[in-house]
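All values below come from the heavy atoms of this structure, side chains included, with hydrogens, waters and symmetry mates left out. Below, chains carry the letters A, B, ... as their sequence lines are ordered, and counting in each starts from 1.
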2 protein chains.
Amino acid sequence: MMPRRVPLKNRMPAQPAAGRRRPAETIADAHQGARRTRLHDVKDPQPHCATCHLQRLCLPFGLEPGVMQMFDELIGKRLRLKKSDTLYRPGERFSALYAIRSGSCKTVLLSEDGRDQVSGCHMAGDIIGTDGIGVGAHDCQATALEDMEVCALPFARIEELAQDHARVGQNMHRLLAREISRERRVMLMLGTMRADQRLAAFLLDLADRYRARGYSATEFVLRVTRDEIGSYLGLKLETVSRLLSRMHRDGLILVQGRTIKLLDTPQLKRMIDTGQ
Amino acid sequence: MMPRRVPLKNRMPAQPAAGRRRPAETIADAHQGARRTRLHDVKDPQPHCATCHLQRLCLPFGLEPGVMQMFDELIGKRLRLKKSDTLYRPGERFSALYAIRSGSCKTVLLSEDGRDQVSGCHMAGDIIGTDGIGVGAHDCQATALEDMEVCALPFARIEELAQDHARVGQNMHRLLAREISRERRVMLMLGTMRADQRLAAFLLDLADRYRARGYSATEFVLRVTRDEIGSYLGLKLETVSRLLSRMHRDGLILVQGRTIKLLDTPQLKRMIDTGQ
DNA sequence: CGCCGTCTTGACGAATCTCAAATAAAGTGG
DNA sequence: CCACTTTATTTGAGATTCGTCAAGACGGCG
């Protein structure tokens, strides 16, 4: 019998600490190829779609019990990632979507020349990997911001299941279309807002999403650095830092490191809408 | 028998010239409700998917002849729009995707407060309306930039057809996913590029798309105003104008009104990649 | 305790916006 | 088709926002 749990220290024996830039195998690689001991598979109290508290945010939402069961069986693996592990990288063959069960990650776009940009921050209940569907290969990189657990949803099997159960296909369409809408909103933000408005919008969006997951909508801990926020918002980290300080001074928020407390949400909203 | 073609001047009898801001019925409205004579339906030489030269860009791509036939029959109406007609608006119930057969249009995002942004320019072969799938209502506005002809693809029937023919569902997924990738590229542009790089990227993107449709990739006519370009790129129209002038002075392009000729494509590419 | 990554803050400069005015082009009604 | 109106475009000057560079503070970790 394999031990069910490996001590934290030994989780990634093949990954030297200094190797962050190396084109190392991604977790998903390891999963696909089964070329190494699957230390990351989650074997413990196997979760099920039917009892998952994130269900209503996820793909099997609204399925009849029988179909839900089938969906559950479809799930390839539950994977566990440690902070800064990479789930997939650009160019990697696309084979599955990933539902985040816990933890959070960022997705980063990389272009041939040096430019890169954080294209999203994702938390429990989000489904990522959709960037791979279009051409069969991922075009961005998903990196854990903290330890996390994801369900791998093999895409081919989702499409099979969609054949027999219209609802699955519909949910898939919804998922993709919602992603499109989300990105449009980001485009609108990047194209039409000043720096302070963008930051306010970012904070309020986070707040909304925490609320939707049952967490406090006014007090939370950022999982990202100032640099990553800036990248996402099209700003430099200094600008982000300055703006956070200013909002703090103005009594809009309380900032202490990465802990944020929203003090005047209405004013933040107004700032976005009216530009002050 | 109704006349097959109505003289240009009489196409929109119910639309007074001054009513541009009025919440007028959209073309799609008229189509859905059949509440007025369907002057815009295209009845003439009925086109078919099987013979459509835009097929390879469209949803029925790669279908077997029989299925292609079914897809063809699924098409609700071919609609004709005149310049500045609106195909759908924000809030309108989503019922169909639209494949552009000829002409071009822009999609505009509108937020409650005054902000708006051109979110895309679409030409023959593009499919628009995907913004409506997520919540069942459109969240942007599609407006014709010139006279155009579109095929309405009732979404419910696409989903039905996808049940029996996996390929249809797959094409649908591809379509949506590609839209996601496209928008990510735009986000990357808005978030990481300087004004001149954005404009260069815009021109080269247009060039690519014209090429893909068999038109000249080096000489074309913009269908949009400087203001609309600026809106799309997150810039002011003056900035766009100045940059076009500068690129002209620098011998990169030739500008005459909305006619653009690309003189030094490699340099434009380099400008994007290296920032000069 | 000292290192390293992260964050803050200031001073300065460049990119872009705003406002304004002149010109060019397109659309309209006779 | 013309005269007229409206809309689109160009260009300049000055203001603003944001980025760059640089120095120091903070905080976690070995």
Peer 1: Please classify the nucleic acid contact of A/Leu244 as base, sugar-phosphate, or nothing, using heavy-atom distances under 4.0 Å.
Peer 2: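 Contact class for A/Leu244: none.
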Peer 1: Between the side chains of A/Arg223 and A/Ser104, does any donor sit under 3.5 Å from an acceptor?
Peer 2: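 No, because no side-chain N or O of A/Arg223 sits under 3.5 Å from a partner of the opposite role on A/Ser104.
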Peer 1: Indicate yes or no: at least one non-hydrogen side-chain atom of A/Leu110 is less than 4.5 angstrom from one of A/Cys140.
Peer 2: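 No - every pair of side-chain heavy atoms lies 4.5 Å or more apart.
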Peer 1: End-to-end bend of the helix from C/dC1-D/dG30 to C/dG30-D/dC1 (five-pair axes, 10° rounding)?
Peer 2: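 For the helix from C/dC1-D/dG30 to C/dG30-D/dC1, the axes at opposite ends meet at about 50°.
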Peer 1: Expected output is a numbered-order residue list: members of residues 193-207 of chain A with a heavy atom under 4.0 Å from any atom of DNA chain D. What is it?
Peer 2: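 By residue number: A/Arg194, A/Ala195.
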Peer 1: Within the structure, does a side-chain N or O atom of B/Lys236 lie under 4.0 Å from either OP1 or OP2 of C/dC19?
Peer 2: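 It does not, given that no N or O in the side chain of B/Lys236 lies less than 4.0 Å from OP1 or OP2 of C/dC19.
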Peer 1: Below 3.5 Å between N/O atoms, which protein atoms pair up with nucleotides 11-14 of chain C? Just atom names and distances, please.
Peer 2:
{"residue": "C/dA11", "atom": "N6", "partner": "A/Arg242", "partner atom": "NH2", "Å": "3.4"}

Peer 1: Under 30°, 30 to 60°, or over 60°: which ring-plane class applies to A/Tyr210 and A/Tyr215, parallel, tilted or perpendicular?
Peer 2: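 Because their plane-to-plane angle is over 60°, the rings of A/Tyr210 and A/Tyr215 count as perpendicular.
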Peer 1: Can you list the residues that meet the salt bridge (charged side-chain N to carboxylate O under 4.0 Å, His left out) rule with A/Arg185, with sequence neighbours excluded?
Peer 2: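 Salt bridge (charged side-chain N to carboxylate O under 4.0 Å, His left out) list for A/Arg185, sorted by chain: empty.
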Peer 1: Can you give me the closest heavy-atom contact between A/Leu81 and A/Thr86, atom names plus distance?
Peer 2: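 Scanning both residues, the minimum pair turns out to be CD2-C, 4.1 Å.
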Peer 1: C/dC17 C1' sits how many Å from B/Leu243 CG, rounded?
Peer 2: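 It works out to 13 Å between those atoms.
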Peer 1: How many angstroms lie between CZ in B/Arg209 and CG in B/Asp126, if you round to the nearest 0.5 Å?
Peer 2: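 These two atoms lie 5.0 Å from each other.
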Peer 1: Hey, is B/Asp208 close enough to B/Arg211 for a salt bridge, meaning N to O under 4.0 Å?
Peer 2: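 So B/Asp208 pairs with B/Arg211 through a salt bridge.
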Peer 1: Restricting to pairs with a member in residues 235-244 of chain B, which pass salt bridge (charged side-chain N to carboxylate O under 4.0 Å, His left out), not counting sequence neighbours?
Peer 2: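 Counting only pairs at least two positions apart or across chains, no salt bridge (charged side-chain N to carboxylate O under 4.0 Å, His left out) contact touches residues 235-244 of chain B.
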Peer 1: Go through the N and O atoms of the side chain of A/Glu238 and the base of D/dC21, and report whether any donor-acceptor pair is under 3.5 Å.
Peer 2: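 Looking at the base of D/dC21, it does pair with a donor or acceptor on the side chain of A/Glu238 (distance under 3.5 Å).
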Peer 1: Roughly, in whole Å, what's the span from CG in B/Leu237 to C1' in C/dC17?
Peer 2: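 Interatomic distance, CG of B/Leu237 to C1' of C/dC17: 11 Å.
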Peer 1: Quick one: B/Glu146 CD to C/dG27 P, roughly how many Å, whole number?
Peer 2: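 These atoms are roughly 12 Å apart.
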Peer 1: Using whole Å, what does the distance between atom C1' of nucleotide D/dA8 and atom CG of B/Leu145 come to?
Peer 2: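 Computing the B/Leu145:CG to D/dA8:C1' distance gives 15 Å.
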Peer 1: Looking at every heavy atom in both B/Glu183 and A/Ile180, which two are closest together, and how far apart are they?
Peer 2: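 For B/Glu183 and A/Ile180, the tightest heavy-atom pair comes out as OE1-O, 3.0 Å.
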Peer 1: Please work out if B/Thr239 contacts a base, only the sugar-phosphate, or nothing of the nucleic acid, heavy-atom cut-off 4.0 Å.
Peer 2: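 Contact class for B/Thr239: sugar-phosphate only.
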Peer 1: When you measure from the side chain of B/Arg258, which nucleotide among D/dT10, C/dT8, D/dA8 comes out closest?
Peer 2: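 When the side chain of B/Arg258 is considered, D/dA8 is the closest of D/dT10, C/dT8, D/dA8.
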Peer 1: What's the separation between atom CZ in A/Arg184 and atom CG in B/Asp131, rounded to the nearest 0.5 Å?
Peer 2: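 Output value for this atom pair is 5.0 Å.
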Peer 1: What is the separation between atom NZ on B/Lys82 and atom C1' on C/dG27, rounded to the nearest whole Å?
Peer 2: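 Rounded to the whole Å, the gap is 12 Å.
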Peer 1: Which parts of residues 222-233 of chain B get close to DNA chain D, meaning a heavy atom less than 4.0 angstrom away?
Peer 2: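 B/Thr225, B/Arg226 - these, ordered by number, are the residues of the stretch whose heavy atoms sit under 4.0 Å from the strand.
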Peer 1: Would you name the heavy atoms of B/Met271 and B/Ala200 that are closest together and state the gap between them?
Peer 2: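 The answer is SD-CB, 4.0 Å.
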Peer 1: On a heavy-atom basis, which atom in B/Met187 and which in A/Leu190 lie closest, and how many Å separate them?
Peer 2: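 So the minimum-distance heavy-atom pair works out to O-CD1, 3.6 Å.
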Peer 1: What is the distance from atom CZ of B/Arg226 to atom OG1 of B/Thr239, rounded to the nearest 0.5 Å?
Peer 2: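 OG1 of B/Thr239 is found 13.0 Å from CZ of B/Arg226.
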Peer 1: Once you apply a heavy-atom cut-off of 4.0 Å, does A/Ser245 come out as touching a base, just sugar-phosphate, or nothing?
Peer 2: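 A/Ser245: backbone/sugar contact only, no base atoms under 4.0 Å.
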Peer 1: Could A/Glu149 and A/Arg78 be called an ion pair, given the rule that one side-chain N must be under 4.0 Å from one carboxylate O?
Peer 2: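 No salt bridge links A/Glu149 with A/Arg78.
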